Asker: 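First, the structure itself, so that you have it in front of you.
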Amino acid sequence: MGIQILALDLDGTLLTGHNSVSPACREAVQKARAKGIQAAICTGRNAADSILFGEQAGGVDWAVIANGAQVRSLTAPEAILTDPLGEPLCRALLDLCAAHAVDPCFYTADAVYYGQAFEAFLADCAARGLPLDFSERENYHRVPEGGWRDLIADRHPEILKAILHAPNPAVVDRMHEALLRDGRFETAPSEMFGGALKNLEVNRRGVSKGGALKALAERLGCTLENVMAIGDSDNDLSMLRMAGLGVAMGNAPAHVQAAADAVTASNAEDGVARAIETFLLYARSETFSDPTASSRQKDGGTKTRA
């Protein structure tokens, strides 16, 4: 059957450092779709961002959002999987943040709710030469001081994931350790500027991009062996390991590259386009010209270069 689903992370993967889809990547995604391959954005972001960048890519078919907490069609008003955090876990995260004098970001499918910790994160990024405008988007909402418990009471059925920020990376590490001890959460840490800034993505235990892709594959009448996944970060590890063909970006850290079957160029070098061309359009690689029969040498094995 070959590859039927092309799963694409956004940040550091499909998107350039300028937060856009390059013409080369757009063309490659559309050529894959013309061959009958379903394109799925797989991101920690929400549906609004998936729609925005899906349009930049010329159109995609599906979105796996909030690190796998929801799978939805981008061509029809349909969600085939939703797995929210739930009220007890939202309250536990709020208590953890309060203990460390920060506040969370909560993601629903269509909005982001943030506070002072996210504002401090944006200011730190800008001070290091990376201005970000997330808080200016209409689907980003500032929660007033003292308003978090009311937000949880009103919105907890919709809250899919959280991101925890703190100005001090050591505080993020301590919150991560506490969540690991708790055992009810999936966590994906992220570093910026060589570790000078850190944040932590948090979902309900068992939620992952890989698990969401499994549900999507079943819906489309295939299996994970028929998925090609491309990513660069810790929240991509499950799909890189579970997909029939997992491709890490050249800008991915070493442990992410080790989890993949192949490594492509960086997001600044149209790595997504090169991977699509190599494995789906022109099949230049003998090892992966039939990905369902690949040797799947991961976590330290020999990698194919796209």
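Keep in mind the model is a prediction, meaning the values are calculated, not measured.
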Asker: For Ala117 and Val102, work out which heavy atoms get closest and say how close.
Answerer: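 Closest pair (atom of Ala117, atom of Val102, distance): CB-CB, 4.1 Å.
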Asker: Does this structure show an ion pair linking Asp95 with Arg149, if we count only N-O contacts that are shorter than 4.0 Å?
Answerer: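 Looking at Asp95 and Arg149, the cut-off is met.
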Asker: Does the pair Arg204/Glu186 count as a salt bridge with the N-to-O cut at 4.0 Å?
Answerer: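 Answer for the salt bridge query: no.
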Asker: Write down the atom of Ala92, the atom of Arg184, and the distance for their closest heavy-atom approach.
Answerer: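 Looks like CB-NH2, 3.6 Å.
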Asker: Could you tell me whether the side chains of Asp232 and Thr13 share a donor-acceptor contact shorter than 3.5 Å?
Answerer: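 Side-chain D/A pair, Asp232 to Thr13: present.
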Asker: Nearest heavy-atom pair of Pro169 and Pro167: which atoms, and what distance?
Answerer: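 Heavy-atom minimum between the residues: CD-O, 3.5 Å.
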Asker: Within a strict 4.5 Å, meaning less than it, do heavy atoms of the Gln116 and Phe121 side chains meet?
Answerer: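 Side-chain contact under 4.5 Å: no.
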Asker: What heavy-atom pair brings Phe279 and Ala262 nearest, and what distance separates the two atoms?
Answerer: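 Taking Phe279 first and Ala262 second, the nearest heavy atoms are CZ-CB, 3.7 Å.
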Asker: Counting only heavy atoms from other residues, nucleotides and ligands, does the tally under 6.0 Å from CZ of Arg155 exceed 12?
Answerer: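 Not buried by this count: 12 neighbours or fewer within 6.0 Å.
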Asker: For Val207 and Gly68, which heavy atoms make the closest approach, and how far apart are they?
Answerer: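 Taking every non-hydrogen atom into account, CG1-C, 3.6 Å.
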Asker: Applying the side-chain hydrogen bond (donor to acceptor under 3.5 Å, both in side chains) test to Lys209, which of Asn203, Asp9, Thr43 qualifies?
Answerer: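 Only one option passes, and that is Asp9.
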Asker: With no hydrogens and no angle check, do the side chains of His255 and Asp234 hold a donor and an acceptor under 3.5 Å apart?
Answerer: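 On atom types as modelled, these side chains qualify, holding a pair under 3.5 Å.
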Asker: With the 4.5 Å side-chain cut-off for hydrophobic clustering, are Phe185 and Ile152 part of the same group?
Answerer: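 Yes, because Phe185 and Ile152 connect within a single hydrophobic cluster, where side-chain heavy atoms sit under 4.5 Å apart.
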Asker: Taking the basic N atoms (NZ, or NE/NH1/NH2) and the acidic carboxylate oxygens, is any pair closer than 4.0 Å for Asp110 and Arg72?
Answerer: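 Looking at Asp110 and Arg72, the cut-off is met.
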Asker: Any carboxylate oxygen within less than 4.0 angstrom of a Lys/Arg side-chain nitrogen, looking at Arg219 and Glu78?
Answerer: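 Here Arg219 pairs with Glu78 in a salt bridge, since their nearest N and O are under 4.0 Å apart.
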Asker: Taking all non-hydrogen atoms of both residues into account, name the closest pair between Leu213 and Ala7 and its distance.
Answerer: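 Closest approach of Leu213 to Ala7: CD1-CB, 3.7 Å.
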Asker: Any side-chain heavy atom of Thr264 sitting closer than 4.5 Å to one from Thr278?
Answerer: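 They are not in contact (no side-chain heavy atoms under 4.5 Å apart), so the answer is no.
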